[in-house]
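Below: the structure, in structure tokens.
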Amino acid sequence: MQRMKLVCPAGNLPSLRAAVDGGADAVYLGFRDATNARHFAGLNFSRDSIQQGVQYAHGHGCKVFVAINTYPQPQGWTQWQRAVDEAADLGADALILADTGLLDYATRRWPDVARHLSVQASATNPEALSFYHRLFDIRRAVLPRVLSLRQVARLIEHSPVPVEVFGFGSLCVMAEGRCLLSSYVTGRSPNTYGACSPASHVRWEETDQGLESRLNEVLIDRYGPGEQAGYPTICKGRFRVGEHVYYAMEEPTSLNTLDILPELMRAGVAAIKVEGRQRSPAYVAQVTAVMRAAIDACLADPQAYKPHAAWQQALASVSEGTQTTLGAYHRPWL
Amino acid sequence: MQLALGPLLYCWPREQVLSFYEQAAGWPVEIVYLGEVVCSKRRVLSLDEWLDLAKHLESAGKQVVLSTLTLLEAGSELGALRRLCRNGHFDVEANDMAAVNILAAAGVEFIGGPTLNIYNPRTLAVLVGQGLRRWVLPFELSHPAASELINAAPASCTCEVFAWGRLPLSWSARCYTARAENRAKDQCEIICRNDPDGRLVSTREGQPFLTINGVQMQSALTQDLAPWIPEMEAAGIQVLRLSPQYSGMDEVVECFDRLRRDPGDQEVLRRLQSLAAVGVCDGYWHGEAGFANTANGLQQS
């Protein structure tokens with residue numbers, strides 16, 4: 001079995017360097033446009049900065065994956081096609097793709113550049129993975145955050161390709177690639193635009209009832225004095241259902257798998273992915289260092305592995321809402 | 001244009017399901033989709049019972065399509081999926097690439113559901129190569145995108161649009177109905193059967209926003225594309241999907257049947273809008289936020 005790898009996010013060059021220096025086996029990044037699922041202002045890479053990033057990473061034995069993982073519509077097709085060409089041309093070690101048409105294009109145009117199936121392709125079972133493997137010879141697949149630990153293990157037993165899972169970061173509670181909550185309210189979704197709750201549609205307002213966050217004028221949450229306000233992602237807002245106002249879908253928490261790393265390794269997970277291309281270089285440095293140390297400890301002696309309190313503290317300090325959860329890996333979360 | 005009765009998205013008691021389809025056998029819809037697409041725990045009917053129902057509807061002159069589960073997590077669900085795909089007689093709507101893989105391997109043509117994410121002609125072409133014969137436009141795509149996809153499709157492959165119903169907006173491992181009841185998913189006792197039209201989620205200032213339907217979140221508003229039938233017809237859309245709701249579905253079908261013959265009938269358009277539980281929307285079709293209502297003027301006239 002291959003050694004479990006660590007894949008870290010880079011929203012810019014300083015983050016990329018932080019990930020490489022912290023011991024990531026691979027970094028993933030995207031272009032500065034809607035071709036990737038973290039399309040935020042001031043974030044991501046130009047052609048030149050990718051070139052520098054690839055040089056730095058390769059110089060330190062770290063791979064570079066380029067995410068082109070949104071769904072091109074007819075009018076955007078040439079832009080997405082160009083992104084694939086540029087990424088291949090710039091020496092990407094793998095392309096992270098979700099759209100079937102784009103996978104087909106990359107397979108025919110760049111057969112020698114590895115293709116990874118993005119989490120945005122919503123492939124949660126071995127038959128779906130076989131589809132992508134049969135048609136596009138994918139080398140790896142990133143699983144949506146909807147499977148339990150047992151389901152991940154069963155899937156790996158039957159999967160035609162190595163599997164990457166999320167190990168830390170913001171938690172999508174919906175099957176990625178099939179969530180339209182954001183476009184229902186703003187017209188822009190991760191699929192079409194590469195962003196959930198685009199900043200252009202977010203409005204904060206102090207009112208008599210508290211601080212309010214709105215998305216295209218829809219009230220997502222209202223915070224009392226002393227309450228920590230979170231970004232108005234629809235799935236993490238508070239709404240009324242019957243008589244109750246509560247987090248109808250999910251509290252603002254982060255996924256944290258430090259407690260189950262040995263189980264993920266035993267299940268045969270090929271790589272652990274850290275979410276957070278939109279976060280700061282300091283976040284990337286912190287999380288990369290902790291995950292590197294934890295994975296190394298786990299690889300050295302899975303039986304004796306126990307997450308250090310300092311690791312947990314370090315991760316909790318950079319977590320959304322400063323809470324962490326095992327999410328769907330842990331059955332009671334459901 | 002043909003009318004299709006989409007798969008039942010909610011969990012209704014067995015008798016209700018059977019009587020609903022008994023009535024549907026007499027409605028002016030050409031196509032009926034059957035099967036559980038949201039949650040494998042519901043098991044209101046077994047596959048054999050769905051097949052019996054399918055035969056019954058077929059003998060009533062309907063084209064029957066069996067719809068597959070959308071989010072597949074457990075091995076047992078894949079087993080059920082394989083049995084459904086290999087039924088040997090009825091068409092299948094593939095709602096996950098798993099179903100596409102099974103159907104393609106069996107050399108069986110299929111209908112592509114809205115969650116296959118057919119956003120561009122190249123994706124469409126790949127799936128046509130796998131046996132795609134009709135596809136449902138992804139919910140968030142607009143009229144221009146639909147037109148381009150249809151123009152690029154072979155004549156033998158037709159496009160269906162979700163013309164009426166609360167929009168399925170997301171799927172999760174978590175059950176939001178169980179969560180609303182403070183129950184663990186494993187102890188849900190299929191509590192969603194108490195919500196035959198889902199459960200309303202409002203904002204804290206009372207705006208109807210979403211609908212909880214087990215592991216699926218839907219819009220609170222009903223997408224109503226009836227005012228745009230001439231536009232859809234001109235774009236080459238051949239099938240309109242009407243998504244079942246608990247009451248008034250016979251009237252919804254009747255309105256669409258009249259509108260496909262006389263799309264300008266304002267009285268029928270208004271009657272249709274009154275059949276939506278908390279209002280209508282049509283934003284996606286116009287490239288806007290899904291919950292936008294561009295046909296507002298119609299309501300007021």
Side-chain angles (χ1 to χ4, degrees), chain A residues 71-75 77 98-102 104-105 121-128 130-132 134-135 146-148 151 154 158 173-175 177-181 183-187 189 191-192 216 218-222 235 238-242 244-245 248-250 328 331-334, chain B residues 70-75 77-78 81 96-102 115 117 119-127 139-141 144-145 148-149 152 167 169-176 179-180 184-186 199-207 209-210 212 217 219 283-284 287-291:
Chain A
Y71 288 85
Q73 292 181 52
Q75 77 278 10
W77 177 259
D99 179 65
T100 296
L102 214 57
D104 186 55
Y105 172 74
S122 340
T124 55
N125 61 80
E127 278 286 356
S130 294
F131 170 82
Y132 293 103
R134 177 168 62 81
L135 291 181
V146 296
L147 300 177
S148 69
Q151 287 167 343
R154 286 226 30 193
H158 297 96
V173 293
M174 307 300 178
R178 289 181 185 162
C179 182
L180 311 182
L181 290 172
S183 70
Y184 180 62
V185 177
T186 70
S189 73
N191 283 3
T192 56
N216 201 11
V218 175
L219 182 64
I220 303 300
D221 211 343
R222 181 184 286 150
C235 62
R238 275 181 287 195
F239 303 103
R240 179 177 295 281
V241 182
H244 304 284
V245 172
M249 289 163 267
E250 170 67 326
R331 199 79 198 159
W333 175 85
L334 301 177
Chain B
T70 305
L71 177 59
L72 297 147
E73 295 162 316
E77 292 166 353
L78 272 185
L81 177 70
D96 185 90
M97 288 305 185
V100 173
N101 203 49
I102 295 164
T115 45
N117 286 2
Y119 279 71
N120 55 68
R122 188 140 184 168
T123 295
L124 184 66
V126 170
L127 291 173
F139 302 115
E140 62 178 350
L141 289 193
E148 291 206 46
L149 279 162
L167 289 156
L169 296 176
S170 73
W171 280 262
S172 176
R174 184 175 255 183
C175 174
Y176 299 105
R179 181 173 169 85
K185 188 183 180 190
D186 287 342
R199 191 177 296 198
L200 183 67
V201 178
S202 302
T203 67
R204 290 165 80 175
E205 49 196 5
Q207 179 183 4
F209 185 34
L210 300 169
I212 291 174
M217 292 300 286
S219 61
Y284 279 137
E288 297 179 20
F291 73 173

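Side chains included, hydrogens not; waters and symmetry mates left out as well; all remaining heavy atoms used. In the text below, chain A, chain B and the rest are named by the order of the sequence lines, each starting its count at 1.
Of the residues considered (A/Leu334, A/Val173, A/Thr100), A/Leu334 shows the highest number of contacts with chain B, using heavy-atom pairs under 4.5 Å. Here B/Arg179 is the residue among B/Glu288, B/Glu77, B/Arg179 with the most heavy-atom pairs under 4.5 Å with chain A. Between chain A and the options B/Asp186, B/Leu200, B/Leu71, heavy-atom pairs under 4.5 Å are most frequent for B/Asp186. Contact count against chain B (heavy-atom pairs under 4.5 Å) is highest for A/Arg238 among A/His244, A/His158, A/Arg238. Most heavy-atom pairs under 4.5 Å with chain A: of the set B/Lys185, B/Glu148, B/Glu205, this distinction falls to B/Glu205. Interface remark: of the candidates B/Gly75, B/Ala125, B/Ser219, B/Ala99, B/Ser219 forms the most heavy-atom pairs closer than 4.5 Å to chain A. Among B/Val201, B/Thr203, B/Leu78, B/Asn117, the residue with the largest count of heavy-atom pairs under 4.5 Å with chain A is B/Asn117. Per-residue heavy-atom pair counts under 4.5 Å with chain B were compared for A/Thr186, A/Val185, A/Leu102, and the maximum is reached by A/Val185. Of the residues considered (A/Ala248, A/Ser130, A/Ser183, A/Cys179), A/Ser183 shows the highest number of contacts with chain B, using heavy-atom pairs under 4.5 Å.
Remark: B/Arg122 fails to qualify as a cation-pi partner of A/Trp77 under the 6.0 Å distance and 45° angle criteria applied to the six-membered ring.
Of the inter-residue distances, the one linking A/Asp99 atom CG with B/Thr123 atom OG1 reads 3.5 Å to the nearest 0.5 angstrom. The CG atom of A/Leu147 lies 12.0 Å from the CZ atom of A/Arg154; values are rounded to the nearest 0.5 Å. To the nearest 0.5 angstrom, A/Ser122 atom OG is 4.5 Å from A/Arg178 atom CZ. Atom OG of B/Ser170 is separated from atom OH of A/Tyr184 by 12.5 Å, given to the nearest 0.5 angstrom. A distance of 7.5 Å separates CD1 in B/Ile212 from CE in A/Met249, rounded to the nearest 0.5 Å. For the atom pair CD (A/Glu127) and CE (B/Met97), the distance works out to 13.0 Å, reported to the nearest 0.5 Å.
Judged as a ring pair (Phe, Tyr, Trp, His ring centres under 6.0 Å), and not counting sequence neighbours, the contacts of A/Phe239 are B/Phe209. Taking the side-chain hydrogen bond (donor to acceptor under 3.5 Å, both in side chains) definition, one finds that B/Tyr119 meets it with A/Asn191, B/Glu140, sequence neighbours left out.
Contacts of B/Val126 with chain A are made by side-chain atoms alone, with heavy-atom separations under 4.5 Å and no backbone atom involved. Of the two parts of A/Pro332, neither the backbone nor the side chain holds a non-hydrogen atom closer than 4.5 Å to a non-hydrogen atom of chain B. Only the side chain of B/Arg199 comes within less than 4.5 Å of a heavy atom of chain A; its backbone N, CA, C and O stay farther away. Within the 4.5 angstrom heavy-atom criterion, no atom of A/Ala123 approaches chain B. Looking at A/Arg134, the atoms closer than 4.5 Å to chain B (heavy atoms on both sides) all sit in the side chain, from C-beta outward. Only the side chain of A/Val245 comes within less than 4.5 Å of a heavy atom of chain B; its backbone N, CA, C and O stay farther away. Within the 4.5 angstrom heavy-atom criterion, atoms from both the backbone and the side chain of A/Tyr105 approach chain B. In this structure, the portion of B/Leu127 lying under 4.5 Å from any heavy atom of chain A is its side chain and not its backbone. For a residue to count as touching a neighbouring chain, one of its non-hydrogen atoms must lie under 4.5 Å from one of that chain's; by this rule B/Leu210 touches chain A with the side chain only. Of the atoms belonging to A/Thr124, heavy atoms from both backbone and side chain fall under 4.5 Å from chain B. No part of B/Ala184 comes within reach of chain A, as not one of its non-hydrogen atoms sits under 4.5 angstrom from that chain.
Within the 4.5 Å cutoff, the side chain of B/Phe291 has heavy atoms near those of the A/Asn216 side chain. Between A/Asn125 and B/Glu73, every side-chain heavy-atom pair lies at or beyond the 4.5 Å cut-off.
Across B/Tyr284 and A/Leu180, no two heavy atoms sit closer than the pair OH-O, 3.3 Å.
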